[in-house]
Amino acid sequence: MKQQVIRPGRWLALGVLVLAVLLVAVDATVLGLATPFLTEDLKPSGTQLLWIGDAYSFVLAGLLVSMGSLGDRIGRKRILLIGATAFGAISILNAYANSAELMIVARALLGVAGATLMPATLALIRNLFHDPRERSLAIGIWGASASAGMAVGPIVGGVLLENFWWGSVFLINLPVMAVLVVVGAKLLPESRNPRPGPWDLPSVVLSMVGMIGVVYAIKEFAAHGFGWIAVAALVVGVAALYGFVRRQRRLPIPLLDLRLFRHRGFSSAVLADLLTILGLSGLIFFLSQYLQLVQGRGPFEAGLAELPAAIGSVVAGLLAGRVARRFSVRAVVAGGLAAIGLALAALTTISHTTGYPLLGAALLVVGAGAGFAFTVTADVILTAVPKEQAGAASAVSETAYELGAALGIALLGSIVAGIYRGFPGPVGTPAAAHESLGGAVEAAAHLPPEAAAALLDAARQSFASGVATAAGVGAAVLLATAVAVWFLLRGQTLSTHEQ
């Protein structure tokens, strides 16, 4: 067996990869915080506002597999440093966008850069750490840094928005990017597939059209129902993905080797990730609105209120590999998902007056369950494939996250919106108040005090009821996924020696 090289600077190199994860995680949180402020400044139409929110995720979902495969071919270090530089530069464009159209373009370009980062970081971990126990810990640190970024983002963003203009939240990417590129150029080793084959452009186009078409259709169905544009996008997307699969089967060296899915551990872990994000996305998407618009917290206070989820995720992620070897992969993943499901079930009791102890405890359990489950599934996905294909495998995992989030927000968002719209407002309530809770807050500002109080009370109760129902559906999805994982990951183990 070939002797593996133990790299003395591997933990410092991991620190560079952590910076890349922080870059993406922080950016994912700040747009939501900045939206009310940039809306006031750029005055986008309703459709433009949706595209500002969605352009990044559409392009990201469409390019993840292609960029992961490109990294396997040209070098993961190279694509990471190029992507990080582009991410920082395009963040400046986001910060100084002076029109809604430019902001949409900037978010789409950021999606291109973002698609290079996450697959490259995981693939480099696979090639940096040859000892499986060390690799498990490295993956735990990688996941913990994502959780920390998601927690720190709203807090830092809240401070910046209270003291500076909205563009400042995008500029916090720049110092992180600068350190990443300068230090990464020196510390990160290059790795690539020694027999890569060509980067098949038709496959890239089919993958991008397919994923963007499907994700766009799902979001349109949730927002506006079954319109002909959404149906056409779905048909085109599904047809493109079908063409993508057929082409991969015919190519001697495909962009994505579909034989990866024959490995039960790989396909089961990807499916578990998709369904988990689907069930969790309602809580993730609506929690900030609940804390701010229902319970009246400011952005900074709402960010602090969400900290228990990050703390639970960080601690569990660091312990996950050791616990999975002590017990079993399926016990840790199924147990983590069941814990999330039970925490979501507890949140079915929330109302607009719910105290923080219940919310904080539920968030702590959700974070811990996610930390255990996601860390172990990432480990399974990476070790199930040859290290030469680590970039493509990581990209499949990230694509599952994006698709699960789109499906979850579409399904659970429709439930929340449907329940919310039916609230009985006082006579003369504007139609906009029934469209969103933000619309109700805006409408109340133009009503007499008594009518405004009645409107806000009814709207907040209805929104909280919708969130509670979405939590119940999410709980059912998570508990069902936990049962399925218990059987699908039967016999799966984390190795103790490099294979």
Side-chain angles (χ1 to χ4, degrees), residues 147 150 218 222 268-291 294-295 305-313 316-317 320 330-377 400-401 403-420 460-489:
S147 301
M150 296 286 281
I218 291 169
S268 299
V270 169
L271 180 64
D273 286 348
L274 187 152
L275 292 174
T276 303
I277 291 293
L278 190 157
L280 263 178
S281 57
L283 176 67
I284 295 169
F285 188 71
F286 292 111
L287 181 62
S288 183
Q289 293 182 61
Y290 173 82
L291 291 171
V294 174
Q295 296 205 327
E306 295 178 33
L307 267 181
I311 293 169
S313 183
R330 71 171 182 172
V332 173
V333 177
L337 300 186
I340 299 172
L342 292 174
L344 289 177
L347 291 178
T348 59
T349 63
I350 66 169
S351 67
H352 64 304
T353 58
T354 298
Y356 185 71
L358 173 63
L359 287 171
L363 288 173
L364 182 66
V365 174
V366 166
F372 278 122
F374 287 139
T375 303
V376 175
T377 55
Y401 288 142
L403 191 55
L407 287 167
I409 291 171
L411 172 64
L412 301 174
S414 297
I415 291 171
V416 173
I419 293 173
Y420 173 77
R460 285 167 175 160
Q461 286 187 46
S462 185
F463 186 84
S465 177
V467 172
T469 304
V473 175
V477 171
L478 265 297
L479 292 172
T481 303
V483 173
V485 160
W486 179 259
F487 294 102
L488 290 172
L489 292 179

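With contacts defined as side-chain heavy-atom distances shorter than 4.5 Å, the pair Val483/Leu479 does not qualify. Using a 4.5 Å heavy-atom threshold, the side chains of Thr276 and Leu337 count as touching.
Nearest heavy atom pair, residue Leu347 against residue Ala471, reads CB-CB, 4.1 Å. Residues Val416 and Gly466 approach most closely at CG2-O, 3.5 Å, considering heavy atoms. Ile415 approaches Ala470 most closely through the heavy-atom pair CG2-N, 4.4 Å. Taking all atoms of both residues into account, the shortest heavy-atom contact from Gly341 to Ala475 is O-CB, 3.3 Å. Considering every non-hydrogen atom in both Val467 and Ile350, the closest pair reads CG1-CD1, 3.8 Å. Ala305 approaches Pro308 most closely through the heavy-atom pair O-CD, 3.3 Å.
Between the CG atom in Leu478 and the CD1 atom in Ile340 there is a gap of 5.0 Å [rounded to 0.5 Å]. With rounding to the nearest 0.5 angstrom, the CG atom of Leu274 is 9.0 Å from the OG1 atom of Thr481. Taking CD1 from Ile419 and CD from Gln461, the interatomic distance works out to 13.5 Å, rounded to the nearest 0.5 Å. Atom CD of residue Glu306 and atom CG of residue Leu287 lie 4.5 Å apart, to the nearest 0.5 angstrom.
The side-chain contact (heavy atoms from CB on, under 4.5 Å) test applied to Val294 returns Tyr290, His352, Leu437, Arg460, Phe463, not counting sequence neighbours. Every residue two or more places apart in sequence or in another chain that forms a side-chain contact (heavy atoms from CB on, under 4.5 Å) with Ser313 is listed here: Ser147.
Without hydrogens or angle criteria, Thr377 side chain to Ala269 main chain gives no donor-acceptor distance under 3.5 Å. Side-chain atoms of Gln295 never come within 3.5 Å of backbone atoms of Tyr356 as a donor-acceptor pair (strictly under, hydrogens ignored). Checking side-chain atoms of Thr469 against main-chain N and O of Ser465 turns up a donor-acceptor pair under 3.5 Å.
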Throw together a table of side-chain donor-acceptor distances under 3.5 angstrom for residues 357-374, partners on residues two or more places apart or in other chains.
none

